[in-house]
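These notes are about the structure you will find just below.
Values below: every heavy atom of this structure, side chains too, minus hydrogens, waters and symmetry copies. Letters A, B, ... are given to chains in the order of the sequence lines, protein chains preceding strands, and every chain is numbered from 1.
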Amino acid sequence: MAEYNPQSIEAKWQKRWEDARVFESEAEPAKKKYYVLEMLPYPSGTLHMGHMRNYTIGDVVARVKRMRGFNVMHPMGWDAFGLPAENAAIKNQTHPREWTNKNIAEFQRTLRRFGFSYDWRREISTCEPEYYKWNQWFFLRMLEKGIAYKKKSRVNWCPKCCTVLANEQVVNGGYCWRHEDTLVEVREIEQWFLKTTAYSDQLLDDLKQLEGGWPERVITMQRNWIGKSQGAKVKFAVADVPGLDPIEIFTTRIDTIYGASAMILAPNHPYVAKLLDGSPVKHHADAMLARLKKTSTKAEDIATAEKEGFFTGRHTINPFNGEKLPIWVGNFVLMEYGTGAIMAVPAHDGRDFEFCRKYGLPVRVVIQPDGVAPLDGATMEAPFEENENGKLVNSGAYNGLTPDAAIARMGADAAAKSFGKLETIFRLRDWGISRQRYWGTPIPVIYCEKDGLVPVPEKDLPVELPPNPNLTGQGESPLATTPEFVNTSCPKCGGPARRETDTMDTFVDSSWYFYRYCDPHNANAAFDPAKVAYWFPIDQYIGGITHAILHLLYSRFWCKVMRDIGLVKHDEPISRLFTQGMVLKGGTAMSKSKGNVVGAYEMAEKYGADTGRLYTLFAAPPEKDLEWSEESIEGAWRFLNRVFRLVDKHAGAIRGAGESKCEAASLNEKEKTLLRKAHQTLSRVTSDFETRWHFNSAIALVMELTNEIYAAEPLENNIRAEIRKEVLELLTLMLAPMTPHLSEELWEMLGHSEGLWKSAWPAINEDFARDDEVEIPVQVSGKVRGRLKIAAGATEEAVVELAQADAAIAAHLTGKRIVKKIYVPDRLLNLVVA
RNA sequence: GCCCGGGUGGCGGAAUGGCAGACGCUUAGGACUUAAAAUCCUGCGGGGAUUUUUCCUCAUGUGGGUUCGACUCCCACCCCGGGCACCA
């Protein structure tokens, strides 16, 4: 009697897989390909079971597809640049590279311990010059095309850190994450941007290509993020300050313009100061402005914040009817959206209604809903916001038009008189990629006094990070205070020049890394387009919902840029996306800071990788959150032991049985029953793997089969060795994608000299799987009153006759008339009585 | 406020409109053992009837509806989780 020893079994098979190079694959156009990918990890801390769930799901898919005959690429790499490495380096007086590489080694050790079927030859690390050289190369292409550009932009600046903070590092409504008593300032700094907005329409329209393959909610989140809004911009002249240009407003409802009661500006609109200069309200305006600006910070308050504002003392002219309107400043108008100025139409907009009622501004109805008594602006209690089921009133020449028709006409008229035009705006903004940090890709640009901005010539790439940076966490970019990096010569004139000291956002690295996997060691190009053409698009991408917007949007953008410079042919890089649920412990996501992690390596040491893998697949369906339970993992461990003992017990006899085959004709009843169960299980497990991704119910089915085999023990009394072989082999093969090490071991025990990795997914034998006899419930008026054993495929007449002959059922039929019979073949009979 | 998910035993969870609770955990009992662990077997939603057998009945957040039949479809509502949020 052997014992299940996962530690030795797992080490043994990992070595054999590696020696046989089982998971290595090459682009071979004659073969059907499958590219499965899990989001690359940021190597920090240690891997816990939350991470492993992601990789386990991907590995099951990869292994199933291999058994199905696909040429599978399944790579892994490291998102190795980023702030935590730099902060850790400052704290521990080490180099970010040292810290990062130590973590990578630890991550790799853990992933290998779990036996994931990665092609490790394709491993990439984004902090290596061989990789980030191509970030720089792409940047230069984008610079040529005008997609990369520099502009002044507002950034979050912490006066104590003396550096720029990312939005995520601004906490509690405007304070620094590391100095919670320090208010973050807004500063204007020159920053590099990528023109994602040049692709707004494509990024939106191509979402259609992803329908069916991506989760609906991810598509929705991206659509909202891009935020396309069709409307109009209209210029309103300023009435009582000479020499000021007109103020432009944005509206989606130009059809309501005759109902405007005021113009409202964002508190930080550049005109506010000009309008207030010399205004009668100047004396108290500053205090009010400060107050309005303050209310717009805290996210939670925005929902409950009351609309507030003040009159500037100035007026504007409605270009459509020449009406003189007061100009107000309001806290609910955002400078970041549209033009930072709106027209307030209280009768037809909820926010304007609230604001105008509060300050006593007039409410004028200009859209009269169909079929109701005329609305009265003075008394109405809620605005009429619909843009259908109504007609224009009080709108001069436009009276009687539907809102849609009015929008078209008024847009055209405004354009003809050049005070406005219909326009589509987007919420999406350009991607700011400048970071004033060391541990990132240097932006390959040089500033020369004579020649100005000069791109680094391609032959000089990569611009490498200096090995000994001046890392203090203080002051501006560390690169700026490292003279050997900054000082260089101009590629054009050879004169003295300075390098750009900003580095790139790490989302740049992850926007195209999956292309590099196709050709990871190419020294002459980011990749060979032919290899990418074979492997792309990615057939299945698996990761957390946390990346639903930024990473996936940037990746889509990058793909389109690459397509436009001729590197790839597809519009979208990822055909199918799967977002797995989180692993929780004590109700919250595992994280080091919460101290509730279950370490992956420790897990494998205690129970073995196969048990860890099986448990994460069994405990919940993959898209849902999973609450970690130490008791349940014992159950997974017990099950694998059970399977091991079963195979161990029969392996000797099976090996002795040689190559004899199961023949349907010669089977006895017990053999038939067992084979039927095995093939029925196979049939359902196959569909759980292929179409439904219900790994948890697939495992339940395999457990059920195992229980049935145990129930038939001692098998040797009734079931011939070749039948036992067939059944135990199916069991082994069905488990193989989930518990690959154990399955290999069992496969060998069953007498196979060739590795299981060479096996195809087993074929369902329909003859074995077919039921001769089925038990069906019989309902009388929808209530189950009995069960019948019937021959499979029996006719309705035969079944009804049997039912009427059954005493228990007949009892419910006596004295009643059968008014309807519903027979679902081999499933159910329902007799409706009156 | 809007948009997604989700609500089924003590717990995790199963169920193309067709026997609700598969499978696992927990737990109780039994077998094996000097004993324990491991293992194997059996029971385990509530209520009721019954002598074992077994039968009845209620039950998938709440209230309606469609249907011969609803965890599943439709309408309204409640609760939980997530995302977005004054987007003009």
Side-chain angles (χ1 to χ4, degrees), chain A residues 3 215-221 223-225 227-229 231-232 249-254 256 264 266 295-296 299-307 330-334 336-345 348-352 354-355 425-427 545-546 548-549 581-582 584 587 614-615 618-621 623-636 638-639 641-642 645 694 696-707 710-711 713 775-787 808 811 818-824 826-833:
Chain A
E3 218 170 70
E216 196 57 46
R217 60 175 174 153
V218 175
I219 293 176
T220 305
M221 283 162 83
R223 186 173 291 129
N224 292 341
W225 188 262
K228 184 174 182 170
S229 181
I249 59 110
F250 179 77
T251 178
T252 54
R253 294 295 303 274
I254 192 174
T256 64
I264 309 177
T295 53
S296 67
E300 314 91 75
D301 292 348
I302 290 173
T304 50
E306 201 176 326
K307 289 173 186 39
N331 63 346
F332 68 102
V333 180
L334 306 174
E336 296 77 34
Y337 187 78
T339 58
I342 63 162
M343 61 174 188
V345 185
H348 305 289
D349 180 280
R351 295 154 300 178
D352 297 346
E354 188 186 333
F355 189 84
I425 64 164
F426 291 88
R427 207 188 85 112
I545 187 74
T546 40
I549 296 175
M582 290 183 299
L584 314 176
L614 188 80
Y615 171 70
F618 181 59
E623 71 278 5
K624 284 181 68 177
D625 287 351
L626 181 163
E627 176 69 37
W628 188 262
S629 150
E630 205 55 44
E631 288 81 40
S632 296
I633 198 154
E634 291 277 354
R638 272 200 290 270
F639 169 67
N641 274 282
R642 217 164 131 78
R645 281 193 304 272
H694 286 194
N696 56 331
S697 70
I699 293 166
L701 288 164
V702 175
M703 287 176 167
E704 220 177 295
L705 173 62
T706 307
N707 291 344
Y710 265 87
E713 285 280 22
E775 194 185 67
I776 63 161
V778 178
Q779 300 178 338
V780 177
S781 292
K783 284 199 196 300
V784 179
R785 299 299 185 183
R787 285 163 230 288
I818 296 173
V819 293
K820 196 166 179 183
K821 300 171 202 160
I822 292 116
Y823 180 59
V824 185
D826 295 348
R827 293 302 296 269
L828 159 143
L829 174 69
N830 187 7
L831 301 171
V832 185
V833 296

Under a 3.5 Å distance rule, please check whether A/S632 uses its side chain to pair with a backbone N or O of A/S629 as donor and acceptor. no
_Main-chain N/O of A/G782 paired to A/N830 side chain as donor or acceptor, under 3.5 Å_ = yes
[N] [atom2] sits how many Å from [X] [atom1], rounded?
| X | N | atom1 | atom2 | result |
| --- | --- | --- | --- | --- |
| A/I545 | B/rG6 | CD1 | P | 13 Å |
| A/N224 | B/rC3 | CG | C1' | 7 Å |
| A/Y710 | B/rU39 | OH | C1' | 9 Å |
| A/R223 | B/rC2 | CZ | C1' | 16 Å |
| A/I264 | B/rC86 | CD1 | P | 15 Å |
| A/R253 | B/rC86 | CZ | P | 20 Å |
| A/D625 | B/rG7 | CG | C1' | 14 Å |
| A/E336 | B/rC87 | CD | P | 13 Å |

Practice prompt. Examine the base of B/rC68 for any acceptor or donor lying under 3.5 Å from a partner atom in the side chain of A/K820, and report the outcome as yes or no.
Written response: no
### Message
A cation-pi test, strictly: NZ or CZ of A/K307 under 6.0 Å from the centre of the six-membered ring of A/F332 and no more than 45 degrees from its axis. Yes or no?
### Response
yes
Checklist entry - What is the nucleic acid contact for A/P621, judged by heavy atoms within less than 4.0 Å: base, sugar-phosphate only, or nothing? => result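 Here A/P621 touches the backbone only, sparing every base.
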Under 4.0 Å, counting only non-hydrogen atoms across every strand here, what does A/V333 touch: a base, just sugar-phosphate, or nothing?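 Since a base atom lies under 4.0 Å of A/V333, the category is base.
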For the residue pair A/I425 and A/G338, what are the closest heavy atoms and their distance?
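Looking at all heavy atoms of both residues, the closest pair is CD1-CA, 3.8 Å.
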Between A/D625 and A/M582, the two heavy atoms sitting closest are OD1-N, 2.8 Å
Return the nearest nucleotide to the side chain of [X]; candidates are [options].
| X | options | value |
| --- | --- | --- |
| A/L334 | B/rU57, B/rC86, B/rC68 | B/rC86 |
| A/H694 | B/rU39, B/rA85, B/rA15 | B/rA15 |
| A/R351 | B/rC3, B/rC86, B/rU39 | B/rC86 |

Practice item. Apply side chain to side chain contact (heavy atoms under 4.5 Å, CB included) to A/F355 and A/D349, showing your working. Key: CA-CA 10 Å; A/F355 189 84; A/D349 180 280; over 6 Å; no
So, using side chain to side chain donor-acceptor pair (under 3.5 Å) as the criterion, who are the partners of A/N707 when residues are at least two apart?
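Once residues adjacent in sequence are excluded, the partners of A/N707 under the side chain to side chain donor-acceptor pair (under 3.5 Å) criterion are A/R642.
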Contacts of A/E704 meeting side chain to side chain donor-acceptor pair (under 3.5 Å) (sequence neighbours excluded), chain-then-number -> A/K677
With sequence neighbours left out, the residues meeting ring pair (Phe, Tyr, Trp, His ring centres under 6.0 Å) with A/W628 are A/Y615
Hits for ring pair (Phe, Tyr, Trp, His ring centres under 6.0 Å) against A/F618, two or more places apart or cross-chain, chain-then-number order -> none
Work out how far the [atom1] atom of [N] is from that of [M], and round it to whole angstrom.
| N | M | atom1 | result |
| --- | --- | --- | --- |
| B/rG29 | B/rC74 | C1' | 48 Å |
| B/rG18 | B/rG12 | P | 25 Å |
| B/rA70 | B/rA15 | C1' | 13 Å |

Below the 4.0 Å mark, does B/rC84 have OP1 or OP2 next to a side-chain nitrogen or oxygen of A/R427?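 Indeed not, no polar side-chain atom of A/R427 lies that close.
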Need to verify one output field. Residue with the more 5' nearest nucleotide on RNA chain B, A/F250 or A/A711?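 Here A/A711 is the residue nearer the 5' end.
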The answer to which of A/M343 and A/K624 contacts RNA chain B further toward the 5' end, by nearest nucleotide, is A/K624
Applying the Watson-Crick and G-U criteria (both distances under 3.5 angstrom) with [ ] for crossing and | for other-strand pairs, one obtains for RNA chain B (((((((..(((.....[....))).(((((.......))))).(((((....)))))..(((((..]....))))))))))))....
Expected string for nucleotides 16-27 of chain B under the B/S/- scheme (protein heavy atoms, under 4.0 Å, primed atoms plus P, OP1, OP2 as sugar-phosphate) is S-BB--BBSSS-
Exercise. If the glycosidic angle is within 90 degrees of 0 it's syn, otherwise anti, so just tell me which one B/rG5 is.
Key: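 This nucleotide is in anti.
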Report yes if the side chains of A/T252 and A/F250 come closer than 4.5 Å at any heavy-atom pair, otherwise no.
yes
